[in-house]
Amino acid sequence: MNPPSAPPDRPTGRGSVDQAPHLPAGFTDTFTSRYVEVDGVRLHAVTGGDGPPLLLLGGWPQTWYAWRLVMPELARDFRVVAVDARGVGLSDKPATGYDTATLARDMAGLMTALGHERFAVVGHDIGMWTGYALAADHSGRIERLAVTEAAIPGLSPSPPLFSDAEVNARLWHFAFNRLSGINEQLVQGREHLFFGHQFTAKAARPLPDHAVRHYVDTLAADPAALRASFAFYRALDDTIAQNEQRSTRRLTLPVLAIGGARNLGAAVAATMNRAADDVTGVVIPECGHFPPEEAPQELLSALRPFLAPYRDRTHSPRIAAATSRGDSD
């Protein structure tokens with residue numbers, strides 16, 4: 001007799017909770033993978049925990065797995081939703097829809113499907129782009145926004161073409177990733193060289209080899225994943241125009257802006273001050289571009305007091321029960 005197959009909304013392959021390497025002890029007791037369809041796009045989300053909903057948006061070229069070290073602690077107080085955006089990991093990889101208005105609409109639809117009308121957001125890298133778009137385009141639904149380690153195209157000042165060597169080393173991939181086709185040809189078969197360099201060059205505290213291999217193998221396994229990884233950057237003309245419009249309406253919700261001292265540092269808060277009225281800036285010492293993995297405890301130390309008013313105001317037995325019913329596994 002064949003074993004029963006997994007439910008159709010329960011992913012089990014590469015990129016799912018069941019197949020992710022080196023997870024913290026007890027992780028799979030709390031978190032499960034699931035598929036959620038939003039406007040015809042199937043998204044992969046990892047959910048678990050109890051409390052008001054908290055959406056985690058990862059960066060390029062990573063997946064939900066980037067949050068694995070902070071998710072168990074966050075799940076003590078929140079219903080955590082760590083998602084692969086369209087084009088990422090186990091989520092669908094359509095040809096279009098990589099501008100931040102569409103990405104934000106995807107996330108709003110995902111949270112609606114999971115039964116969460118209002119929620120807080122933490123975004124890293126291009127997840128910071130989407131987090132800003134969510135707060136601006138869906139302001140009635142976002143309680144608090146925490147962002148880390150990104151400039152926001154159309155909001156942050158553009159660096160000059162002839163930047164100094166340090167800036168160029170951090171940002172050269174923006175121009176490369178926007179190319180049309182030639183970048184796939186150059187990178188395909190050399191994914192470990194290209195993406196491995198991104199992780200090595202931007203981390204002050206090296207990411208573990210198994211994590212880098214997991215990200216790169218995921219991208220190398222599917223040509224559509226490589227194409228989609230560049231699509232976020234190819235959509236920048238649309239995203240920049242959208243952000244120029246968004247910047248005319250300042251955010252009023254609380255914003256936490258976190259930088260790694262060895263990468264963007266205080267520039268993250270400077271970026272958000274261009275768009276929001278209530279910004280708290282934090283710089284994590286001896287940290288590069290990947291705070292969720294380089295400095296998980298320091299990141300949690302910044303997030304806990306920022307999210308506490310949201311947790312305390314919204315987490316009652318009645319609300320917790322409603323949240324659990326709306327997002328049951």
Side-chain angles (χ1 to χ4, degrees), residues 36-41 43 45 47 49-58 74 77-83 85-86 97-124 126-148 150 152-155 238-258 269 271-280 303 305-316 318-327:
V36 181
E37 185 163 317
V38 178
D39 294 332
V41 176
L43 300 176
T47 61
D50 178 52
L54 177 64
L55 177 64
L56 306 181
L57 303 173
L74 291 172
D77 294 315
F78 302 98
R79 182 64 173 175
V80 173
V81 180
V83 62
R86 68 166 65 204
Y98 296 88
D99 61 285
T100 52
T102 303
L103 295 170
R105 190 160 55 246
D106 285 349
M107 294 302 104
L110 170 76
M111 296 303 276
T112 296
L114 293 175
H116 305 310
E117 177 59 27
R118 293 181 63 84
F119 50 96
V121 178
V122 184
H124 170 243
I126 62 174
M128 176 170 161
W129 303 356
T130 303
Y132 171 55
L134 266 169
D137 298 358
H138 305 270
S139 58
R141 301 191 60 184
I142 312 304
E143 293 273 357
R144 286 180 170 241
L145 172 65
V147 293
T148 180
I152 297 181
L155 183 63
D238 290 335
T239 289
I240 288 169
Q242 292 163 8
N243 284 337
E244 288 172 347
Q245 287 298 310
R246 290 180 184 119
S247 68
T248 65
R249 307 181 307 275
R250 293 184 64 81
L251 304 182
T252 58
L253 82 171
V255 175
L256 175 65
I258 304 168
T271 288
M272 295 313 301
N273 276 318
R274 291 175 170 270
D277 294 332
D278 182 4
V279 178
T280 301
L303 289 174
F306 176 73
L307 294 172
Y310 164 59
R311 177 202 62 201
D312 295 343
R313 187 178 68 256
T314 59
H315 191 26
S316 68
R318 178 183 61 80
I319 292 173
T323 299
S324 178
R325 289 195 299 271
D327 188 14

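Here, residue 1 is the first one in the sequence, and each next residue gets the next number. What you see is a predicted model; the values in this text were computed from it and never measured.
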Problem - side-chain contact (heavy atoms from CB on, under 4.5 Å) partner of V121, chosen from V81, L54, L134 - result: L134
Problem - For M128, the option from I152, T148, L145 that meets side-chain contact (heavy atoms from CB on, under 4.5 Å) - result: I152
Check whether any side-chain heavy atom of [X] sits under 4.5 Å from a side-chain heavy atom of [Y], and report yes or no.
X    : Y    : value
L56  : H124 : no
F119 : I142 : yes
V83  : L57  : yes
L307 : D77  : no
H116 : L110 : no

For [X] and [Y], which heavy atoms make the closest approach, and how far apart are they?
X    : Y    : answer
G58  : I126 : O-CG1, 4.0 Å
Y310 : P52  : OH-CB, 3.4 Å
V279 : A269 : CG1-O, 4.2 Å
L103 : R86  : CD2-CG, 3.6 Å
D99  : T239 : CA-OG1, 3.4 Å

Problem - Qualifying residues under salt bridge (Lys or Arg N to Asp or Glu O under 4.0 Å), relative to R118, sequence neighbours excluded - result: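 R118 satisfies salt bridge (Lys or Arg N to Asp or Glu O under 4.0 Å) with E143 once adjacent residues are dropped.
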Handout entry: Residues that R141 engages under salt bridge (Lys or Arg N to Asp or Glu O under 4.0 Å), provided they are two or more places apart
Key =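 By the salt bridge (Lys or Arg N to Asp or Glu O under 4.0 Å) rule, R141 matches E117.
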Practice task
Could you tell me whether D39 atom CG has more than 12 heavy atoms of other residues or ligands within 6.0 Å of it?
Solution key: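 No, because the 6.0 Å sphere around CG of D39 holds 12 heavy atoms or fewer from other groups.
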Handout entry: Where at least one partner belongs to residues 128-139, residue pairs that pass side chain to side chain donor-acceptor pair (under 3.5 Å), sequence neighbours excluded
Key = D137-R246
Exercise for the section: Please confirm whether the backbone N or O of V122 pairs with a side-chain atom of R144, one donor and one acceptor, at under 3.5 Å? Expected result: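 Pair absent, no side-chain N/O of R144 close to backbone of V122.
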